[in-house]
Participant: 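To start, I am sharing the structure in question, which I have written as structure tokens.
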Amino acid sequence: MLLRNRFLLLLALAGLLAFLSLSLQFFSRWLPVSLQLKTEMQMFPEFPVRLIPADQAREEGLSAKNRKRIMPEPLTEPPALDPLYEANLYCNTPGAKERSMEGHAPPNLKLLSVQVIIRHGDRYPLYAIPKTKRPDIDCVLEPSRKPSHPHLTDFISHMSRGVEAQMDGTLGSLPRLPNHIMCEMGELTQTGVVQHLRNGQLLKEIYLKKHRLLPSAWTAKHLYFESTGKSRTLQSGLALLYSFLPHFDWKKINIKHQWSTIFCSNHCDCPLRNHYLEEEQRRQYSFRVKNSLLEKTYINMAKIVGIPTRQLRASNPIDSLLCNFCHNASFPCTKNGCIDLEHFKVIKTHQLEDEKERHEKQLYFKYALMATYPLFNQTANRMLHIAGGKREEVFALYSAHDVTLSPVMSALGLKEARFPRFAARLVFELWHDPDKANDHYVRVLYNGEDVTFQTSFCQDQQKSPKRLLCPLKKFSTFVQKEMFLSLNSTGYYDACHQRLL
């Protein structure tokens with residue numbers, strides 16, 4: 001009887017162990033997936049799962065089973081180079097509320113001025129891939145269409161009444177709103193307008209409501225707005241200002257025209273700058289021809305499209321494909337096949353690798369120093385004047401391009417900064433300690449991140465809980481002297497016109 005009971009006990013224990021083993025296998029298989037999905041939803045609510053729309057799939061003969069995600073969902077910042085993750089960041093699709101560090105400083109300091117350089121918002125491509133259908137995107141603003149913004153309806157109404165606008169040069173002939181049912185090349189999209197309405201609203205909450213940067217009875221002298229002569233930069237700047245200003249009044253807004261994309265104004269004559277730009281373009285070419293995978297990709301794409309490889313390469317296909325990617329539209333197809341996500345990944349990866357080599361070779365850095373000096377000089381002088389008691393142009397806005405922001409980032413020494421996304425913003429803040437008359441400080445922020453102590457002029461400054469900002473003197477010395485040390489020169493004119501050995 002005792003042996004029988006022991007046998008039954010052992011049998012029960014064996015059954016229990018078997019059950020526990022199977023349970024552990026089940027949970028070890030499925031629990032990480034559920035945690036992964038939960039993490040995905042928590043960390044990236046602004047990146048929705050993107051599928052080819054059902055009506056679009058039917059038009060292209062795709063069944064529900066073979067529809068694929070155009071934009072795979074990133075879970076977190078990848079440890080290695082990930083072209084799709086980087087492309088997602090570049091698109092800057094409006095989504096969840098953005099966190100920013102603008103306006104953060106010790107409570108004893110007072111904000112005196114803010115200068116903002118923006119890249120225009122999302123746009124239609126500048127180039128088209130020959131013999132393919134252009135992305136079907138509507139550039140007429142429609143508040144009921146996503147992405148939208150609470151201010152969009154009023155913004156449309158206000159821009160249509162801008163007869164009192166005071167604009168320099170050819171800006172007055174540009175449309176104040178994107179207005180084509182089928183977007184024109186380079187035209188700002190509704191996404192681009194919304195991106196800058198969001199930028200303006202964010203900056204308003206910080207600089208006007210919290211820090212009261214503008215007086216309640218602000219006038220035109222408190223504001224500075226400069227734009228290049230493209231409709232996408234003018235419209236982007238207007239969208240930001242509309243959400244930013246307490247009352248958008250055309251009579252108080254003077255818009256200056258900047259003919260140069262590097263904002264060099266009357267100081268654009270710089271032969272050595274042009275030399276380094278040409279050298280940088282040669283480096284880009286050399287780096288590209290070494291990439292055999294990229295060349296094979298171009299050859300394959302050219303066969304699909306039915307044009308010579310050289311013609312495809314000259315059409316800068318990444319510009320057009322990024323539009324498809326950002327707007328979740330299918331890549332182009334022909335009777336020979338379709339350009340697909342793998343083609344896109346190869347080209348985007350090369351673009352990212354090229355940026356890395358560009359930092360290493362320093363040719364672009366030397367170009368950037370001379371290209372950005374006129375804009376930096378204007379920025380520093382405005383800060384010095386305000387620090388000296390002048391209360392004009394306390395908010396300055398430059399509406400520009402990627403070719404404006406990219407050299408600015410390089411000249412500042414921000415090596416880890418990503419290539420300017422759509423609606424990117426670079427902010428210079430000027431602060432003052434009321435208890436110390438001569439103490440003024442600068443903060444630099446890129447897309448809401450404080451990068452002050454990553455800049456070349458302040459990276460040697462010890463950051464501490466008591467010193468979260470950089471002395472204005474450091475920035476002014478950088479602009480007046482240090483920018484030219486690596487060029488073996490003492491000033492802008494001498495650097496631009498020195499002879500190469």
Side-chain angles (χ1 to χ4, degrees), residues 46-47 77 85-102 114-126 147 186 188-189 191-203 206-207 225-228 230 232-241 243-244 258 261-263 318-319 322-323 325-326 348 351-352 355 358-359 364 368 371-372 375-376 379 395-429 443-452 454-455:
E46 69 273 26
F47 292 150
E77 183 156 350
Y85 176 83
E86 296 296 330
N88 256 317
L89 294 179
Y90 177 85
C91 296
N92 190 21
T93 305
K97 185 177 180 180
E98 184 178 349
R99 297 177 181 176
S100 80
M101 291 298 293
E102 279 107 341
V114 173
Q115 301 184 62
V116 185
I117 308 171
I118 59 170
R119 184 191 176 188
H120 58 75
D122 176 83
R123 59 156 172 78
Y124 201 70
L126 298 173
L188 193 70
T189 67
T191 300
V193 172
V194 170
Q195 286 167 336
H196 278 301
L197 287 173
R198 287 166 58 90
N199 271 343
Q201 187 176 25
L202 182 149
L203 298 181
I206 297 167
Y207 295 134
F225 177 23
E226 189 170 351
S227 171
T228 64
K230 298 294 183 181
R232 60 183 177 273
T233 51
L234 174 63
Q235 294 161 6
S236 292
L238 288 172
L240 187 150
L241 282 181
S243 279
F244 174 75
Q258 175 56 245
T261 57
I262 57 174
F263 284 69
I318 189 64
D319 184 59
L322 274 167
C323 179
F325 185 85
C326 293
K348 185 61 181 174
Q351 195 178 52
L352 296 169
E355 289 176 30
R358 185 181 72 186
H359 287 304
Y364 188 80
T372 58
L375 181 56
F376 278 145
T379 303
F395 184 82
L397 175 65
Y398 299 89
S399 191
H401 306 263
D402 54 357
V403 293
T404 314
L405 269 173
S406 186
V408 167
M409 307 300 291
S410 180
L412 287 174
L414 299 175
K415 298 178 181 178
E416 301 301 318
R418 288 183 167 91
F419 187 80
R421 68 190 189 188
F422 285 130
R425 65 183 188 275
L426 180 69
V427 177
F428 293 85
E429 298 176 348
R443 290 181 79 226
V444 183
L445 301 104
Y446 184 51
N447 295 330
E449 178 187 354
D450 187 347
V451 295
T452 308
Q454 298 174 33
T455 61

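Count residues from 1 along the sequence.
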Participant: Give me the atom names and distance for the closest heavy-atom approach of Val427 to Glu429.
Facilitator: CG1-CG, 3.9 Å

Participant: Closest heavy-atom contact between Tyr446 and Pro420?
Facilitator: OH-CA, 3.2 Å

Participant: Heavy atoms only: give me the nearest Leu445-Glu102 pair and the separation to one decimal.
Facilitator: CD2-N, 3.6 Å

Participant: Can the ring centroids of Phe263 and Tyr398 be said to lie less than 6.0 angstrom from one another?
Facilitator: yes

Participant: Is any side-chain heavy atom of Leu412 closer than 4.5 Å to a side-chain heavy atom of Leu426?
Facilitator: yes

Participant: So how far is it from Glu86 CD to Gln351 CD, rounded to the nearest 0.5 Å?
Facilitator: 10.5 Å

Participant: Ring centroid separation for Phe325 and Tyr90, is it under 6.0 angstrom?
Facilitator: no

Participant: Is there a side-chain contact between Cys91 and Asp122 (heavy atoms, below 4.5 Å)?
Facilitator: no

Participant: Can you tell me if Lys348 has over 12 outside heavy atoms packed within less than 6.0 Å of its NZ?
Facilitator: yes

Participant: For a 4.5 angstrom cut-off between non-hydrogen side-chain atoms, does Phe428 reach Ile117?
Facilitator: yes

Participant: Within this structure, what is the CZ-CG distance for the pair Arg421 and Asn447, rounded to the nearest 0.5 Å?
Facilitator: 3.5 Å

Participant: Side-chain contact, heavy-atom cut-off 4.5 Å: Phe419 with Leu352?
Facilitator: no

Participant: For residues Ile262 and Leu375, report the shortest heavy-atom separation together with the two atoms involved.
Facilitator: O-CB, 4.5 Å

Participant: Is there a side-chain contact between Leu240 and Phe225 in this structure, where contact means two heavy atoms from C-beta onward sitting under 4.5 Å apart?
Facilitator: no

Participant: Is it the case that the side chains of Ser227 and Thr233 hold a donor-acceptor pair, with the cut-off being a distance below 3.5 Å and no angle test?
Facilitator: yes

Participant: Is Arg418 salt-bridged to Glu449, cutoff N-O under 4.0 Å?
Facilitator: no

Participant: Nearest 0.5 angstrom please: Asn92 CG to Arg119 CZ, how far?
Facilitator: 10.5 Å

Participant: So which atom in Gly121 and which in Phe422 form the shortest heavy-atom distance, rounded to 0.1 Å?
Facilitator: O-CD2, 3.6 Å

Participant: Working to the nearest 0.5 angstrom, can you tell me the gap between Asp402 CG and Thr404 OG1?
Facilitator: 7.5 Å

Participant: Nearest 0.5 Å, please: how far is OG1 in Thr93 from CG in Asn88?
Facilitator: 6.5 Å

Participant: So do the side chains of Ser406 and Arg358 get within less than 4.5 Å of each other, counting heavy atoms only?
Facilitator: yes

Participant: If you measure from OG on Ser236 to CG on Leu197, what distance do you get to the nearest 0.5 Å?
Facilitator: 10.0 Å

Participant: Could you tell me whether the side chain of Arg123 reaches within less than 4.5 Å of the side chain of Asp319, counting heavy atoms only?
Facilitator: yes

Participant: Could you pull out the closest heavy-atom pair between Tyr124 and Thr189, with the gap in Å?
Facilitator: N-CG2, 3.9 Å

